[in-house]
Amino acid sequence: MSIELSEQEQFRRESLNELRNMGIDPYPAAEYPTNAFSTEIKASFKDDEEPKRQVVIAGRIMSRRIMGKASFVELQDSEGRIQVYITRDDINTEEQPEMYNTIFKKHTDIGDFIGIKGYVFRTQMGEISVHATEFTILSKSLKPLPIVKHKDGVTYDAFEDPEQRYRQRYVDLVVNDGVKETFIKRTKVYESMRNFFNEQGYIEVETPVLQPIPGGASARPFITHHNALNIPLYLRIANELYLKRLIVGGFEGVYEFSKNFRNEGMDRTHNPEFTVMEIYVAYKDYNWMMDFTEKMVEKACFDVNGSYEVKVGEKLINFKAPYKRVTMIDSIKEFTGFDISGMNENELREVCKKLNIEIDDTMGKGKLIDEIFGEKCEGNYIQPTFIIDYPIEMSPLCKRHRTNPELTERFELMVNGKELANAYSELNDPIDQLERFQEQLKLSEKGDDEAMFIDLDFVRSLEYGMPPTSGMGIGMDRLVMLLTGKEAIQEVLFFPQMRPEKVIKNDPIEKYTEIGVPIEWVPVLQKAGFTTIKSLQGINPNKLHQDICGINKKNKLELKNPTKEEVQSWVNAL
RNA sequence: GACUUCGUAGCUCAGUCGGUAGAGCAAAUGACUCUUAAUCAUUGGGUCGAGGGUUCGAUCCCCUCCGGGGUCACCA
């Protein structure tokens, strides 16, 4: 028995052995065919039903209330919880007369998976329950779960430490109500959008995650290396350029839920890997795409929540289409009083100064406008709003505006003060596209480390001709956050990126035996904190002797204590 | 990356103006065949995140490190 384990873990391991000794396999292989789920049993129960409904259910024990020869157990299955009533006389069998007293009462714990065959009834206290007639251990749990209790809608001892919840999401899912619900909603958002696209004949595609040129956005990429090709490869920051190649190739509409990777900061709205859905449709423009986008978002909201309103923090957001459309120039005019239309770079710098916006010399016209908007306007759009017609410098992949060459046909959908979606009438003029890339490159030489590489193959594809196309990208994590009312991206990702846990590296047992430590004393030394033999160097042998004899006694290991001379010899052997 | 704050039993948290720690739940033992945060009795459980310093003495004070949260920077 390892002394590394907590007392409770040791008890559970003892139970595990006891079960085996009694001929019970704590991890049986056989299928356990169930025919009911907790919630459905409760929903369809009728008090006057005779004979009583027989069910077979399985799940995890979440609480036990033992009263001598009878007990109540709360069983949690994938749908929810139901109470099970277990009595000695009902579950004991001739082959297993200790099923209740020993196997259930002594060797079954909170967290164990069990199977119950029985009939549905209502207890005197009024709770619909399953009266067990057969009890089966399906899987023994060796680590105690956090104990969360509920009464009258109040939660006690909630398991809410974010670190533990995100690192051990499986525990979070088991003990915290609503976590599973959030992720089911996430899946429903995807399903809703897929249906929406598929109904119109657009097809879901897959494009490379490993890219020789990280294009389609301005962001710092992750770099890796391909050995056989001996070249650097980048994890994608966007899939835009690949999807447009497919429109060149003749698809009417393509979309992809794209896992993107950006080597930037992490906080409650940014994870290094995140998901963006991008869709491109031929022969459309950004006006069409705005209608399409608001219908898509509205539908997703309704499919997930059954209503168009979601509470996010203190704000109530209404996703019912149509959404307001405001040009970027008008927005800046509205929130700053400055009309920036037609301004040159120096004039824009002046405006920034007057507005107390921090700027530096590397910023071009586009970046300056972006700063003003981001600083003064963006946060004001709580209800879904399209911001349209961005300055050309900010949008190298976007078509010039049909009436104003300074602007582009671009919109962003702002919700809750943040950008949610981004879309263009796609630039399909290959010569213009190449020039814009070159512009960006100049910016990058100026010091803007996010400006793009030039993807010449993409330009070549445009040279073959791309139909007029509109494309849109929407941040799925943010969309799910909005639709579930969560304010941290970590709440909508099963496994958000975390700094790796530090593992204490123990020296292997041989290292200890090499210096003469008997094998049974190795765990004792490690328990005493000497996880490497190097840490024994220069230790006072008397103190070490006392320490380890103390651990031996305290943990009732019943080892024969070594002599002081033996302990001395270990230390000397170093 | 910067600043700030936290890290005590399996879980949720007290606490020590510096003298090696407590509660509730969970666990163990016992009582109890309709309980539900079950109840009652008894008991055990902690290198007080890690390392160093100051001190007769550190979980507490100081420094460094590790991990988390928050704010900012960067971005979606």
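All figures in this text were calculated on a predicted structure; none of them were measured in a lab. A, B, ... follow the sequence lines: proteins, then strands. Residue 1 opens every chain.
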Rounded P spacing from rU29(B) to rA14(B) in Å: 32 Å
Between Arg64(A) and Thr108(A): side-chain donor-acceptor atoms closer than 3.5 Å: no
Gap in Å between the two P atoms, one belonging to rG19(B) and one to rC11(B), rounded: 26 Å
Whole-Å gap separating P (rC32(B)) and CG (Asn101(A)): 10 Å
Span that lies between the P atom of rC13(B) and that of rC6(B), in whole angstrom: 14 Å
Ring centers of Tyr190(A), Phe257(A) separated by less than 6.0 Å: yes
Phosphate-side-chain proximity, Arg499(A) and rG67(B), N/O vs OP1/OP2 below 4.0 Å: yes
rC74(B) and rG52(B), which share atom name C1', separated by this distance in whole Å: 35 Å
Atom pair distance, as rounded to whole Å: CE in Met67(A) and C1' in rU36(B): 9 Å
Comparing Lys69(A) and Pro162(A) on RNA chain B - which has the more 5′ nearest nucleotide: Lys69(A)
Of the listed nucleotides rG10(B), rA37(B), rA76(B), the one nearest the side chain of Pro144(A): rG10(B)
Touch class at under 4.0 angstrom, heavy-atom based, for Arg12(A) against every strand present: nothing
Any donor-acceptor N or O pair under 3.5 Å, side chains Gln76(A), Arg81(A): yes
Distance, P atom - from rA41(B) to rA23(B), rounded to whole angstrom: 14 Å
Distance below 4.0 Å between Lys106(A) side-chain N/O and rG30(B) OP1 or OP2: yes
Pair Asp89(A), Thr87(A): side-chain N/O donor-acceptor within cut-off below 3.5 Å: no
Rounded distance (Å) that lies between atom P of rA73(B) and atom NZ of Lys367(A): 13 Å
Residue closer to the 5' end of RNA chain B, Glu375(A) versus Asp89(A) (nearest nucleotide): Asp89(A)
Inter-nucleotide P distance (rA21(B), rU59(B)), Å rounded: 11 Å
Distance-only donor-acceptor test, Glu7(A) side-chain atoms vs rG44(B) base atoms, 3.5 Å: yes
Listed nucleotide nearest any side-chain atom of Asp157(A), set rA37(B), rG24(B), rC13(B): rG24(B)
Touch class at under 4.0 angstrom, heavy-atom based, for Asn271(A) against every strand present: base
Same-atom distance (C1') from rG24(B) to rC32(B), integer angstrom: 23 Å
Gln164(A), nearest nucleotide to its side chain (from rA27(B), rU12(B), rC74(B)): rU12(B)
Selected nucleotide, minimal atom distance to Asp267(A) side chain, candidates rA37(B), rC74(B), rA26(B): rC74(B)
Test of ring centre spacing under 6.0 Å for Phe104(A) and Phe135(A): yes
For atom CD of Gln8(A) and atom P of rC11(B), their distance in whole Å: 9 Å
Aro-ring/base stack Phe72(A)-rA38(B), d under 5.5 Å, angle under 30°: no
rA28(B) pyrimidine/purine six-ring stacking with Phe11(A), under 5.5 Å and 30°: no
Ser6(A) and Glu9(A): side chain donor to acceptor below 3.5 Å: yes
Among rG67(B), rU35(B), rA38(B), the nucleotide that comes nearest once only the side chain of Met125(A) is considered: rU35(B)
rU35(B) base / Tyr85(A) side chain donor-acceptor hit below 3.5 Å: no
Nearest-Å distance once atom P is located in both rG51(B) and rA9(B): 16 Å
Range-with-range stems of RNA chain B (Watson-Crick or G-U pairs under 3.5 Å, three or more in a row): B:1-7 with B:66-72, B:10-13 with B:22-25, B:27-31 with B:39-43, B:49-53 with B:61-65
Length of the line joining Glu419(A):CD and rC74(B):C1', which is rounded to integer Å: 15 Å
Minimum-distance nucleotide (side-chain atoms of Arg262(A) versus rU36(B), rA76(B), rC11(B)): rA76(B)
Heavy-atom donor-acceptor pair, Gln83(A) side-chain to rU35(B) base, under 3.5 Å: yes
Side chain of Asp109(A) - closest among rA76(B), rA26(B), rA28(B): rA28(B)
Sugar-phosphate, base or nothing in reach of Ile66(A), heavy atoms under 4.0 Å: base
Sugar-phosphate, base or nothing in reach of Gln124(A), heavy atoms under 4.0 Å: base
Nearest heavy atoms of Leu397(A) and Glu426(A), plus distance in Å: O-OE1, 3.6 Å
Distance flag, aromatic centroids of Tyr424(A) and Tyr286(A), threshold under 6.0 Å: no
Side-chain N,O (Lys149(A)) to OP1/OP2 (rA26(B)) below 4.0 Å: yes
Separation of atom CZ in Arg268(A) from atom C1' in rC72(B), rounded to whole Å: 13 Å
Asp267(A) and Thr269(A) side chains, donor-acceptor separation under 3.5 Å: yes
Distance, rounded to the nearest Å, where Arg65(A) contributes CZ and rU36(B) contributes P: 8 Å
Ring geometry between His131(A) and Tyr85(A) (parallel below 30°, tilted from 30 to 60°, perpendicular above 60°): perpendicular
Donor/acceptor link under 3.5 angstrom from Asp161(A) side chain onto base of rG69(B): no
For atom CD of Glu491(A) and atom C1' of rG70(B), their distance in whole Å: 15 Å
